[in-house]
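In what follows, a single structure is set out as structure tokens and then discussed.
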Amino acid sequence: MHIKGDHAELVVGGRLDIRSAADARTAFHTAVDGGGGDLVLDLSGLDAWDATGLGVIMGAHRRAGRVGRRLVLRDVPPQMQRLLVATRLHRILAIEGGLEVASLPRV
């Protein structure tokens with residue numbers, strides 16, 4: 001997994017899973033704590049995530065809310081869109097441009 005960016009936008013690539021969760025959590029929390037306004041997570045380079053990775057994103061979402069920021073997901077790959085819909089997290093998380101929920105196959 002690799003994360004590049006600053007306190008306003010992070011580009012996440014590779015796999016966000018149990019092996020990379022601690023590093024991702026640190027990077028997300030540092031970005032949340034160090035800036036203001038929306039924090040955009042560009043997920044266009046993300047290959048996969050597991051429940052732990054999704055938990056890290058939800059933790060960053062909660063932390064952002066506590067400091068008056070909003071976590072926004074951008075360019076969520078279709079496979080991850082399906083998981084967000086299946087877990088109903090698409091109703092909680094801010095997703096830039098929304099999801100094409102109607103066109104996604106059921107999981």
Side-chain angles (χ1 to χ4, degrees):
M1 183 203 63
H2 57 275
I3 300 174
K4 298 178 185 176
D6 55 23
H7 302 295
E9 180 177 347
L10 295 174
V11 178
V12 182
R15 295 180 59 87
L16 181 53
D17 56 20
I18 194 161
R19 290 182 299 274
S20 60
D23 292 337
R25 185 178 297 109
T26 299
F28 294 169
H29 289 187
T30 299
V32 166
D33 296 344
D38 288 352
L39 171 59
V40 176
L41 294 184
D42 182 328
L43 303 180
S44 59
L46 194 62
D47 297 326
W49 62 18
D50 65 6
T52 305
L54 192 52
V56 170
I57 288 177
M58 290 306 299
H61 165 77
R62 285 189 299 274
R63 187 179 190 105
R66 285 194 301 269
V67 297
R69 297 188 74 185
R70 186 174 73 136
L71 186 73
V72 179
L73 305 183
R74 175 186 292 157
D75 293 331
V76 180
Q79 176 183 349
M80 275 116 274
Q81 287 183 24
R82 286 189 288 277
L83 184 59
L84 290 175
V85 171
T87 58
R88 299 187 190 274
L89 291 175
H90 70 291
R91 296 178 180 187
I92 297 169
L93 295 167
I95 301 169
E96 190 174 88
L99 297 178
E100 296 298 323
V101 177
S103 65
L104 293 175
R106 291 186 174 242
V107 177

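What you see is a predicted model, and the numbers here were worked out from it, not measured in a lab. Quick note: residue numbers are just sequence positions, from 1.
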Q.
Looking at every non-hydrogen atom in both residues, tell me the closest pair between S20 and R15 and how far apart they are.
A.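 Here S20 and R15 meet closest at OG-O, 2.9 Å.
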Q: Please report the closest heavy-atom contact between R69 and G37, naming both atoms and the distance.
A: NE-O, 2.7 Å
Q | CZ-CG distance between R63 and L39, expressed to the nearest 0.5 angstrom | A | 11.5 Å
Q) About how many Å separate CG of L71 and CD1 of I95, when rounded to the nearest 0.5 Å? A) 10.0 Å
(Q) Could you check whether any side-chain N or O of E9 sits under 3.5 Å from a backbone N or O of V40, counting only pairs where one atom can act as donor and the other as acceptor? (A) no
Q. Any side-chain hydrogen bond (donor to acceptor under 3.5 Å, both in side chains) pairs touching residues 46-60, not counting sequence neighbours?
A. none
**Q.** hydrophobic_cluster_shared for V67 and L10, side chain cutoff 4.5 Å
**A.** yes
(Q) Within the 4.5 Å heavy-atom criterion, are L54 and L84 side-chain neighbours or not? (A)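 A side-chain contact exists here, since the closest heavy-atom pair is under 4.5 Å.
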Q) Would you say L46 and L41 make side-chain contact, with heavy atoms under 4.5 Å? A) no
(Q) Go through it in stages, so that I can follow the logic: the residues are L16 and L43, the test is side chain to side chain contact (heavy atoms under 4.5 Å, CB included), and I'd like the CA-CA distance, side-chain angles, deciding distance and then a yes or no. (A) CA-CA 10 Å; L16 181 53; L43 303 180; 5.9 Å; no
Q: Verify the neighbour count for atom CD1 of I92: are there more than 12 heavy atoms of other residues, nucleotides or ligands below 6.0 Å?
A: yes
Q | side-chain contact (heavy atoms from CB on, under 4.5 Å) partner of D42, chosen from V72, I3, V11, V76 | A | V11
Q. Under the side-chain hydrogen bond (donor to acceptor under 3.5 Å, both in side chains) test, which residues partner D38, sequence neighbours left out?
A. R70
